[in-house]
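Working notes for the structure below.
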Amino acid sequence: MSENTFDHAENLERVIQESVPGKQVTLAHIILHPDKEIFDKLGIEDTSTALGLLTITPGEAAAIASDVSGKAGNVNVVFIDRFSGSVLLAGQVDDVRAAIEAAEDTLSKILDFTITPITQS
């Protein structure tokens, strides 16, 4: 037998990997001055200068983030999906940033979520 051949079953190891989502904000992004076409497709009035996107696991926490965001800044909560954990906010740039920061702060400090840095484009 060659060196790479196992001659006994007890020499074999079985590894099982399982993906278990934690409590985390996986995306926190601000789109500055989105194209009018994006607003049209989302059905949003184009008076906003920014869109804020959050993706959260578990998805049910999107409701908490939406509530905190809506109370923290002068933003419209455009979309919430508790299954995917997606939250979409619209408003002025500073308000959207403040709303995302408040959501991340609440999720982190009160619910012990891992958060991600806020990015923008």
Side-chain angles (χ1 to χ4, degrees):
M1 290 192 141
S2 72
E3 290 179 28
N4 295 333
T5 305
F6 291 104
D7 55 355
H8 294 94
E10 62 269 5
N11 290 336
L12 297 176
E13 248 183 69
R14 183 178 202 178
V15 177
I16 299 173
Q17 291 182 326
E18 185 176 339
S19 176
V20 179
K23 297 187 305 184
Q24 58 192 338
V25 177
T26 56
L27 174 72
H29 187 77
I30 300 170
I31 300 173
L32 304 172
H33 307 287
D35 290 334
K36 184 180 181 329
E37 184 178 346
I38 294 174
F39 285 114
D40 291 342
K41 290 189 179 197
L42 292 171
I44 303 170
E45 292 184 32
D46 64 339
T47 58
S48 299
T49 59
L51 291 175
L53 304 153
L54 290 165
T55 306
I56 304 162
T57 58
E60 293 82 3
I64 298 166
S66 298
D67 180 60
V68 171
S69 295
K71 292 175 180 173
N74 186 21
V75 296
N76 294 323
V77 178
V78 177
F79 179 77
I80 309 167
D81 185 349
R82 68 181 176 101
F83 298 106
S84 69
S86 298
V87 176
L88 178 62
L89 309 169
Q92 303 307 307
V93 175
D94 291 339
D95 291 326
V96 171
R97 177 169 290 282
I100 290 175
E101 287 173 350
E104 284 198 328
D105 190 56
T106 297
L107 292 172
S108 173
K109 291 181 179 173
I110 295 175
L111 298 171
D112 199 31
F113 273 58
T114 301
I115 60 169
T116 188
I118 300 170
T119 57
Q120 67 183 34
S121 61

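Please read all numbers here as calculations on a predicted model, not as lab measurements.
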Notebook entry, point to check: Can you list the residues that meet the side chain to side chain contact (heavy atoms under 4.5 Å, CB included) rule with Glu60, with sequence neighbours excluded?
Noted result: Pro58
Next item on the list: Sort and list the pairs that fulfil side-chain hydrogen bond (donor to acceptor under 3.5 Å, both in side chains) and have at least one residue in residues 85-100, not counting sequence neighbours.
Entry: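 Sorted pair list: Thr49-Gln92, Ser84-Ser86, Arg97-Gln120.
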Return the minimal non-hydrogen interatomic distance between [X] and [Y], and the atom names on each side.
X     : Y     : result
Leu54 : Ser69 : CD1-OG, 4.4 Å
Leu51 : Ile44 : CD2-CD1, 3.9 Å
Gly91 : Ser48 : N-OG, 3.4 Å

Note to self: side chain to side chain contact (heavy atoms under 4.5 Å, CB included), that's the test. Do Val87 and Leu53 meet it? Break it down for me.
What the structure shows: CA-CA 6 Å; Val87 176; Leu53 304 153; over 6 Å; no
Can you list, pair by pair, the side-chain donor-acceptor contacts under 3.5 Å of residues 27-35, counting residues two or more places apart and other chains?
{"from": "His29", "atom 1": "ND1", "to": "Thr119", "atom 2": "O", "distance (Å)": "3.4"}
{"from": "His29", "atom 1": "ND1", "to": "Thr119", "atom 2": "OG1", "distance (Å)": "2.6"}
{"from": "His29", "atom 1": "NE2", "to": "Ser121", "atom 2": "N", "distance (Å)": "3.4"}
{"from": "His29", "atom 1": "NE2", "to": "Ser121", "atom 2": "OG", "distance (Å)": "2.8"}

Note to self: Just so I know, are the side chains of Leu42 and Leu88 near enough to count as touching, which here means a heavy-atom distance under 4.5 Å?
What the structure shows: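 Yes. Closest side-chain heavy atoms under 4.5 Å.
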Which atom pairs, one a donor and one an acceptor, fall under 3.5 Å between side chains of residues 101-115 and the rest of the protein, sequence neighbours left out?
{"from": "Asp105", "atom 1": "OD1", "to": "Lys109", "atom 2": "NZ", "distance (Å)": "3.1"}
{"from": "Thr106", "atom 1": "OG1", "to": "Ala102", "atom 2": "O", "distance (Å)": "3.1"}

Check: Given the rule that I, L, V, M, F, W and Y join up when any side-chain heavy atoms are under 4.5 Å apart, are Leu89 and Ile64 in one cluster?
Finding: yes
Pairs of donor and acceptor atoms involving the side chains of residues 71-80, under 3.5 Å and at least two apart or interchain, shall be tabulated with distances.
{"from": "Lys71", "atom 1": "NZ", "to": "Asp67", "atom 2": "OD1", "distance (Å)": "3.2"}
{"from": "Lys71", "atom 1": "NZ", "to": "Asp67", "atom 2": "OD2", "distance (Å)": "3.1"}

